[in-house]
Amino acid sequence: MEIITAVRGFKDILPEETGRWQFIEAKARDVFASFGFREIRIPILEKTDLFKRGIGETTDIVEKEMYTFLDRGEEYLTLRPEATASVIRAYLEHNLYAADPVAKLYTIGPMFRRERPQKGRYRQFHQIDVELLGLDNPRIDAEIILMLIHFLKSVGLPEPGLEINSLGCFSCRPSFRKAMTDFLKGKEDQLCGDCQRRLHTNPLRVFDCKNEPCSGIIADAPQLPDFVCDRCRDHFKNVQESLNVFGLSFMINPRMVRGLDYYTKTTFEVTTDFLGAQNAIVGGGRYDGLVKELGGPDIPGIGFAIGCERLLAMIPVKNESFSAKPDLFIAALGDESQQLAFRLCNHFRMSGILTEMDYLGKSLKSQMKRADKFQCAYTLILGEKELRERKAELRNMRQGTQETIGLDGIEETILKFVRAR
RNA sequence: GUGGGUGUAGCUCAAGUGGUUAGAGUGCCGGGUUGUGGCCCCGGAGGUUGAGGGUUCAAGUCCCUUCACUCACCCCA
């Protein structure tokens, strides 16, 4: 009989890795709470239209990467490819803006995109997602970036490389778009195949092309920052000044274009050189028109998403620092001793002492080996001989010393030893 | 969706131009100590060589198909 394997691009996170996951998740909750963010938990399945409207009909994500199915022949549902649209949907559905004009939210969970898997890219992957609704002050842009960098450093990412850009707003972006299409007019046939397609779907992306023919042509194309309106220019300048207040270093990347339609004004990425081609650990930006686009009031927003798999690939920590070692191993010989061991073992566990024992009736040597493998601090040896004398041996595994203790009040004795460590 | 690379024990890898019974390290189990871990020594279990077909006296090795993994393009976290 053949075993059934996991779906392509879907990964198991095994016990030896989950400690690291819990670590970054706990740090995120901790840091975000200090900045006044609260967790929101949202479904991973939404109506397909939510993503079509939120992310944009012509984006790659919506066009070819979504897991979409017809539910019982009634309506189209989609496994979420990102979290922002869902968070805003929940925000609108529950009128959160009525209770407080500002909402600071985060959520952690899996996303789904049907791409070809490669290093740092999976069909189910996890994001730590942060959204701030209701403020368009440029200081907020800087604040959210500050929080992000603070988080990344606190989980041990050595030098987060921050890149920022401004994509302009709905009033100034069209003028750049026009300048861009004018510039490319007559050059269409020199562009690569992908870019000829992009020309019609998303001309801004041509700008970001790394292929040889295009990058040469693009070299003296109009630059985005030269086209943004005065308000957007001021906003961007203000963001930079606010980042400087905290001494945050950043690079302005005028070519950074994001793949989701909803971004406006400030966008940012954290990238690394060590992840291969999928080098973005974090992507984010402002989306001042999105809430309205999704049927709500005209409320500005900004947010970012951290790729957990990519972040974890970058954090240089050993697994052992995340896995707890037992305080105590109970080695028992004989039925009567095993009965006592069973009682003590679970008693200690309920007192918060991480305790292990053997249930297979193995030799003492074999039980000792197991205690050693677990790197237990102490081993309690309960033999038939000891039991008759109402005694037991308590061995300090690190030092290799052991002493005889009485069975009466043994719980207290051991708690004292283990806690004194 | 398109291209390249790789599939041998749980894991990491060996097996000159095809040639006996596919090996090693590590891990696992046991013994050396009839009741004491680590270091050392000895033994054991564990493989349809990803799958299917073909060439050949003979295939882990060559050919075809297929699947999986992987890297890159595209795109993105």
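Residue numbers start from 1 in every chain, and the chains themselves are labelled A, B, ... in the order their sequence lines are given, proteins ahead of strands. Please read these numbers as outputs of a predicted model, since none were measured by experiment.
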[atom1] of [X] to [atom2] of [Y]: how many Å apart, nearest 0.5 Å?
X: A:Phe304; Y: A:Ile145; atom1: CZ; atom2: CD1; result: 9.5 Å
X: A:Leu148; Y: A:Phe32; atom1: CG; atom2: CZ; result: 7.5 Å
X: A:Ile13; Y: A:Thr18; atom1: CD1; atom2: OG1; result: 8.5 Å

State whether the distance check finds a donor on one side and an acceptor on the other, under 3.5 Å, for side chain [X] versus base [N].
X: A:Arg121; N: B:rC71; answer: no
X: A:Arg395; N: B:rG37; answer: yes
X: A:Gln402; N: B:rU36; answer: yes
X: A:Lys369; N: B:rG30; answer: no
X: A:Gln375; N: B:rG37; answer: no
X: A:Arg310; N: B:rC76; answer: yes

Identify which nucleotide among [options] has an atom closest to any side-chain atom of [X], counting heavy atoms from C-beta outward.
X: A:Arg116; options: B:rA72, B:rA77, B:rG37; answer: B:rA72
X: A:Arg8; options: B:rC69, B:rG1, B:rC76; answer: B:rC69
X: A:Phe125; options: B:rU36, B:rA77, B:rG1; answer: B:rA77
X: A:Lys365; options: B:rC76, B:rC74, B:rU36; answer: B:rU36
X: A:Ile381; options: B:rU36, B:rC73, B:rA77; answer: B:rU36

Which value, in whole Å, describes the distance between the [atom1] atoms of nucleotides [N] and [M]?
N: B:rC29; M: B:rC67; atom1: P; value: 39 Å
N: B:rA9; M: B:rC28; atom1: C1'; value: 12 Å
N: B:rU34; M: B:rG46; atom1: P; value: 29 Å
N: B:rC40; M: B:rG4; atom1: C1'; value: 48 Å
N: B:rU61; M: B:rA15; atom1: P; value: 14 Å
N: B:rU65; M: B:rC73; atom1: C1'; value: 26 Å
N: B:rU49; M: B:rU20; atom1: P; value: 16 Å
N: B:rA22; M: B:rU66; atom1: P; value: 31 Å

Side-chain N or O of [X] versus OP1/OP2 of [N]: is the shortest distance under 4.0 Å?
X: A:Ser366; N: B:rG30; value: yes
X: A:Lys11; N: B:rU70; value: yes
X: A:Lys362; N: B:rG30; value: yes
X: A:Gln118; N: B:rA72; value: yes

Is it the case that over 12 heavy atoms from other parts of the model lie below 6.0 angstrom from the [atom1] atom of [X]?
X: A:Phe69; atom1: CZ; answer: yes
X: A:Glu411; atom1: CD; answer: yes
X: A:Arg38; atom1: CZ; answer: no
X: A:Tyr76; atom1: OH; answer: no

With a non-hydrogen cut-off below 4.0 angstrom, is [X] in contact with a base, only sugar-phosphate, or nothing?
X: A:Gly383; result: base
X: A:Lys385; result: base
X: A:Glu65; result: sugar-phosphate
X: A:Ala371; result: nothing
X: A:Gln399; result: nothing

Only distances under 3.5 Å count here; give the side-chain donor-acceptor pairs of residues 130-142 of chain A to other protein atoms, sequence neighbours excluded, each with its distance to 0.1 Å.
from: A:Glu131; atom 1: OE1; to: A:Tyr287; atom 2: OH; distance (Å): 2.4
from: A:Glu131; atom 1: OE2; to: A:Thr84; atom 2: OG1; distance (Å): 2.7
from: A:Asn137; atom 1: OD1; to: A:Arg139; atom 2: N; distance (Å): 2.7
from: A:Asp141; atom 1: OD1; to: A:Arg286; atom 2: NE; distance (Å): 3.1
from: A:Asp141; atom 1: OD1; to: A:Arg286; atom 2: NH2; distance (Å): 2.6
from: A:Asp141; atom 1: OD2; to: A:His235; atom 2: NE2; distance (Å): 2.8
from: A:Asp141; atom 1: OD2; to: A:Thr266; atom 2: OG1; distance (Å): 2.7
from: A:Asp141; atom 1: OD2; to: A:Arg286; atom 2: NE; distance (Å): 3.2

Would you kindly give the [atom1]-to-[atom2] distance between [X] and [N], to the nearest whole Å?
X: A:Phe374; N: B:rG27; atom1: CZ; atom2: C1'; result: 15 Å
X: A:Glu63; N: B:rC76; atom1: CD; atom2: P; result: 11 Å
X: A:Tyr122; N: B:rA77; atom1: OH; atom2: P; result: 16 Å
X: A:Arg370; N: B:rG35; atom1: CZ; atom2: P; result: 20 Å
X: A:Leu382; N: B:rU36; atom1: CG; atom2: C1'; result: 14 Å
X: A:Ile4; N: B:rA68; atom1: CD1; atom2: P; result: 15 Å
X: A:His126; N: B:rA77; atom1: NE2; atom2: C1'; result: 12 Å
X: A:Met397; N: B:rU36; atom1: CE; atom2: C1'; result: 8 Å

Per nearest nucleotide of RNA chain B, the residue lying toward the 5' end, A:Gly400 or A:Glu115, is A:Gly400
Assign each of A:Pro117 and A:Glu82 the nucleotide of RNA chain B bearing its closest heavy atom; nearer the 5' end lies the nucleotide of A:Pro117
Would A:Met397 and A:Gln375 count as a side-chain contact (heavy atoms from CB on, under 4.5 Å) here? Give the steps. CA-CA 8 Å; A:Met397 296 297 279; A:Gln375 295 186 269; over 6 Å; no
For RNA chain B, what string of dots and brackets results from 5' to 3' when Watson-Crick and G-U pairs need both distances under 3.5 Å, crossing pairs get [ ], and pairs with another strand get |? (((((((..((((.....[...)))).(((((.......))))).....(((((..]....))))))))))))....
Locate the shortest heavy-atom distance separating A:Ile24 from A:Phe151; write the atom from each residue and the value. O-CE1, 3.6 Å
Of all heavy-atom pairs linking A:Cys308 and A:Trp21, the shortest is CB-CZ3, 3.4 Å
